[in-house]
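Presented below is the structure to which this report refers.
Starting from 1, each residue takes its place in the sequence as its number.
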Amino acid sequence: MSNHVHTKKKWGLKSLCSLLLSKIVIVSLLIILQMAFLLAVILLLGDHFVWIYSILMLLSIAIVVWLVNKNENPAYKLAWVIPLLSFPLFGGLFYLMFGNKGMPQKLARRIRAAEKGAHRVCQPGGPLVQELESLDSRCAAISNYITRTTGAPLWNRTSSEYFPLGEDMWQRMLEELAKAEKFIFMEYFILDEGKMWESIFRILEEKAAAGVEVRFMYDDMGSIFTLPPNYGEKLRAAGIQCTVFNPYQPHLNSMMNYRDHRKITVIDGNVGFCGGINIADEYINAYEKYGHWKDTGVMLKGDGVWNLTAMFLSLWNFSRQADVDPVSFRPTRFWESDGFVQPFGDSPLDRVNVCEDVYMQIINRATRYVYMTTPYLILDNEMVTALQTAARSGIDVRILVPHLPDKWFVHQTTQSFYQQLLDTGVRIYEYTPGFVHAKMYVSDDEIAVVGTANMDYRSFYLHFECAVAFYHARLVADVREDILRTLEQSFEIPKDYSRHVKLWKRIVRAFLRLFSPMM
């Protein structure tokens with residue numbers, strides 16, 4: 001481990017006071033008070049308790065009937081049906097507040113309008129699609145699916161660079177940010193003060209003072225434990241335009257479920273970064289949080305950056321209720337083609353799980369191998385079936401997950417899927433040096449995807465995500481070789497794994513898995 005690795009300071013009275021006065025605690029307490037108020041109203045109306053109980057019971061039953069018939073993932077429905085029937089008095093109300101994935105129509109229309117506005121000038125060239133089709137019909141089918149579903153076009157005239165570690169990408173980001181002349185766009189799920197952010201912030205502050213347009217957006221829930229309240233004011237004081245996505249507010253509704261999990265940097269429209277790397281010191285191994293942190297990212301230069309710009313502006317326009325015209329942010333420089341690239345986004349509003357569908361298409365179309373990395377392996381039945389079918393068909397299927405967990409209950413749920421995958425020939429590895437946060441797929445030396453979507457319900461169903469697909473590009477080999485090198489540092493789970501798991505742990509995992517769609 002490098003010399004700059006350090007550990008966090010121990011908690012003291014000041015830290016405890018800061019936590020108690022933090023936004024997450026205050027807002028959570030306000031939500032609890034609202035729930036307590038509803039309970040108090042019900043108890044105060046004790047004379048009418050039978051009627052109130054009957055109404056709430058009917059509400060829960062009605063929701064169960066509606067949920068069973070809803071076009072929804074079966075596992076997600078089951079995870080809610082159990083508490084609805086077990087606690088009918090409050091189950092219905094709780095589902096309406098936190099389980100229903102519907103967004104208020106007004107907000108949904110605003111986001112859709114922003115996404116369409118950003119992509120309306122982002123039209124692909126027909127010859128590119130035909131060229132990929134003539135080269136590889138399987139990759140062309142995946143590319144067509146992405147374009148038709150998300151509006152994100154296929155590009156060439158784009159160079160790419162792969163970063164096997166967060167510290168590698170961080171250094172290249174600093175180099176490219178220092179070259180910015182017109183604008184810088186940055187969008188991240190987690191922002192944390194420290195070595196990584198301070199080096200970036202200094203450049204952003206200098207560039208803003210020099211007249212470069214700097215826009216920064218971060219997710220409120222993702223950064224609520226890492227930033228002090230009203231942190232956006234610090235950025236604005238430095239001349240940086242800042243917005244917070246979906247602020248955590250004391251409202252009893254499902255809006256808090258929707259998070260901006262994307263990680264995007266765009267510089268002058270010509271250079272773009274994407275991957276699993278947030279802006280926090282553990283991502284560059286300057287802070288040892290869960291052992292060695294394995295994360296990856298990519299840099300694009302050229303036409304393909306345009307898709308990243310469009311994604312950023314779509315959520316920026318929604319969050320700011322603005323109408324920034326993307327035309328003025330087009331790429332102005334072009335690089336020699338390095339295969340085909342296609343950055344794309346995934347939105348929870350379209351009822352299409354784009355990232356999961358792309359992953360499953362890669363699995364289903366593989367002829368030799370498919371390797372993947374993910375911090376969380378919490379699968380629905382469709383993904384389990386795809387992995388099992390591929391392995392039974394003789395495809396070399398390998399999955400890399402962390403050995404040191406960041407959330408014990410999520411890791412236990414991940415391990416609950418091991419045996420049924422192992423039984424069909426899937427090979428599973430745990431990264432023994434620490435934590436794998438990378439989200440990647442590579443198959444048959446033809447296609448690779450590097451992005452932000454985990455293999456879990458939140459990423460597939462509730463988060464705004466992004467990724468870059470590479471077809472017949474040099475970077476595909478880079479991803480494959482990095483995964484194989486990392487597997488050499490990892491422990492392969494034995495085929496008789498369940499025999500070595502204690503009974504009590506199996507019971508805990510079975511219970512946790514029942515509620516895995518809520519994680």
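The backbone N or O of T389 sits less than 3.5 Å from a side-chain atom of S393, completing a donor-acceptor pair. Without hydrogens or angle criteria, N285 side chain to H292 main chain gives no donor-acceptor distance under 3.5 Å. Judged by distance alone, the side chain of D456 and the main-chain N or O of I378 form no donor-acceptor pair under 3.5 Å. A donor-acceptor pair under 3.5 Å is formed between the side chain of N270 and the backbone N or O of R333. Judged by distance alone, the side chain of S223 and the main-chain N or O of D220 form no donor-acceptor pair under 3.5 Å.
Remark: R215 is not positioned above the aromatic ring of F312, lacking an NZ or CZ atom under 6.0 angstrom from the ring centre and at most 45 degrees off the axis. Both cation-pi conditions hold for R157 and F334: the charged atom is under 6.0 angstrom from the six-membered ring centre and inside a 45 degree cone around its axis. For the pair R480 and Y369, the cation-pi test (distance below 6.0 Å, angle within 45°) is passed.
Between F216 and Y188, the ring planes lie parallel to each other; the angle is under 30°, not in the 30° to 60° tilted range.
Across all non-hydrogen atoms, the minimal contact from G304 to V341 is CA-CG2, 4.1 Å. When all heavy atoms of I240 and E205 are compared, the pair lying nearest together is CD1-N, 4.4 Å. Between L387 and V426, the closest heavy-atom pair is O-CG2, 3.8 Å. Pairing each heavy atom of M217 with each of S319, the nearest pair is SD-OG, 3.8 Å. Listed here is the closest heavy atom pair of G291 and E288: O-CG, 3.8 Å. Nearest heavy atoms, A391 versus G425: CB-C, 3.9 Å.
K182 has no carboxylate O lying under 4.0 Å from a charged side-chain N of D268, or vice versa, which leaves the two without a salt bridge. A salt bridge is absent between D168 and R172: the closest approach of a Lys/Arg side-chain nitrogen to an acidic carboxylate oxygen does not fall below 4.0 angstrom. By the 4.0 Å N-to-carboxylate-O rule, D219 lies close enough to R259 to be salt-bridged with it. Of the charged side-chain nitrogens involved, at least one lies within less than 4.0 Å of a carboxylate oxygen, so that E176 and K301 count as a salt-bridged pair. Note on R368 versus D445: salt bridge recorded, some NZ/NE/NH1/NH2 to OD/OE distance being below 4.0 Å.
N156 places none of its side-chain heavy atoms less than 4.5 Å from the side chain of W335. Within the 4.5 Å cutoff, the side chain of T367 has heavy atoms near those of the R138 side chain. A 4.5 Å side-chain heavy-atom check between F460 and V354 finds every atom pair outside the cut-off. Side-chain contact between E492 and I428: absent, with no pair of heavy atoms (C-beta onward) separated by less than 4.5 Å. Within the 4.5 Å cutoff, side-chain heavy atoms of M455 are placed close to those of M383. Side-chain contact between R365 and D444 is absent, with no heavy-atom pair separated by less than 4.5 Å. Contact annotation: the side chain of F344 never approaches that of C466 to less than 4.5 Å [non-hydrogen atoms, C-beta and beyond]. Counting heavy atoms from C-beta on, the side chains of V468 and V449 never come closer than 4.5 Å.
Between the side chains of Q361 and E356, no donor-acceptor pair is found at a separation under 3.5 Å. Counting only N and O atoms by type, the side chains of Y429 and H403 include no donor and acceptor under 3.5 Å apart. For the residue pair Y231 and E193, a side-chain donor N or O sits within less than 3.5 Å of a side-chain acceptor on the partner. Inspection of the D192 and W197 side chains reveals no N or O donor paired with an N or O acceptor under 3.5 Å. Side chain to side chain, E446 and H472 fail the donor-acceptor criterion of an N or O pair below 3.5 Å. For T158 and D303, the side-chain atoms include no donor-acceptor pair closer than 3.5 Å. For the residue pair S143/Q342, the side-chain donor-acceptor check at 3.5 Å is satisfied. There is no side-chain donor-acceptor pair under 3.5 Å between Y471 and D136. A donor atom on one side chain and an acceptor atom on the other are not found under 3.5 Å apart for S337 and W155.
The line from CD1 of I264 to CD of E187 is 4.5 Å long, rounded to the nearest 0.5 Å. Here the CD1-CG distance, from I399 to L379, works out to 7.0 Å after rounding to the nearest 0.5 Å. The NE2 atom of H411 lies 11.5 Å from the OH atom of Y376; values are rounded to the nearest 0.5 Å. Atom CD in E382 sits 9.0 Å away from atom CG in N353 (nearest 0.5 Å). Rounded to the nearest 0.5 angstrom, L191 CG and I224 CD1 are separated by 13.5 Å.
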Take Y371 and S443, measure what side chain to side chain donor-acceptor pair (under 3.5 Å) needs, and give me the verdict at the end.
CA-CA 6 Å; Y371 305 152; S443 176; over 6 Å; no
Using the rule given for side-chain contact (heavy atoms from CB on, under 4.5 Å), can you reason through V450 versus K439, listing the C-alpha separation, both sets of side-chain angles and the distance that settles it, and then say yes or no?
CA-CA 6 Å; V450 180; K439 310 95 166 38; over 6 Å; no
Any chance you could lay out the side chain to side chain donor-acceptor pair (under 3.5 Å) test for T452 and E465, step after step, and finish with the verdict?
CA-CA 6 Å; T452 67; E465 303 282 1; 2.5 Å; yes
Can Y431 and F491 be said to form a ring pair (Phe, Tyr, Trp, His ring centres under 6.0 Å), step by step?
CA-CA 7 Å; Y431 180 62; F491 169 73; over 10 Å; no
Could you go through Q419 and D423, starting from their C-alpha distance and side-chain angles, then the distance that decides it, and tell me whether this counts as side chain to side chain donor-acceptor pair (under 3.5 Å)?
CA-CA 6 Å; Q419 193 60 56; D423 287 342; 2.7 Å; yes
Determine, stepwise, if the pair D380 / Y457 fulfils side chain to side chain donor-acceptor pair (under 3.5 Å).
CA-CA 8 Å; D380 57 20; Y457 285 84; 5.3 Å; no
Is there a side-chain contact (heavy atoms from CB on, under 4.5 Å) between F273 and I267 once you walk through the steps?
CA-CA 9 Å; F273 292 86; I267 302 161; 4.1 Å; yes
Which is it for W408 and L512 under the side-chain contact (heavy atoms from CB on, under 4.5 Å) test, yes or no, and what are the steps along the way?
CA-CA 11 Å; W408 72 268; L512 290 172; 4.1 Å; yes
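Among residues two or more places apart in sequence or in another chain, the side chain to side chain donor-acceptor pair (under 3.5 Å) test is passed with D482 by Y162, K294. Taking the side chain to side chain donor-acceptor pair (under 3.5 Å) definition, one finds that D260 meets it with nothing, sequence neighbours left out.
In this structure, the ring of H437 has its center less than 6.0 angstrom from the ring center of Y283. Checked against a 6.0 Å centroid threshold, the rings of H261 and F189 count as neighbours. For F185 and F329, the ring centers are positioned less than 6.0 Å apart.
By the 6.0 Å contact criterion, NZ on K495 is open, its count of non-hydrogen atoms from other residues, nucleotides or ligands being 12 or less.
Every pair passing salt bridge (charged side-chain N to carboxylate O under 4.0 Å, His left out) that includes a residue from residues 395-408 is listed here, sequence neighbours excluded: D396-R398.
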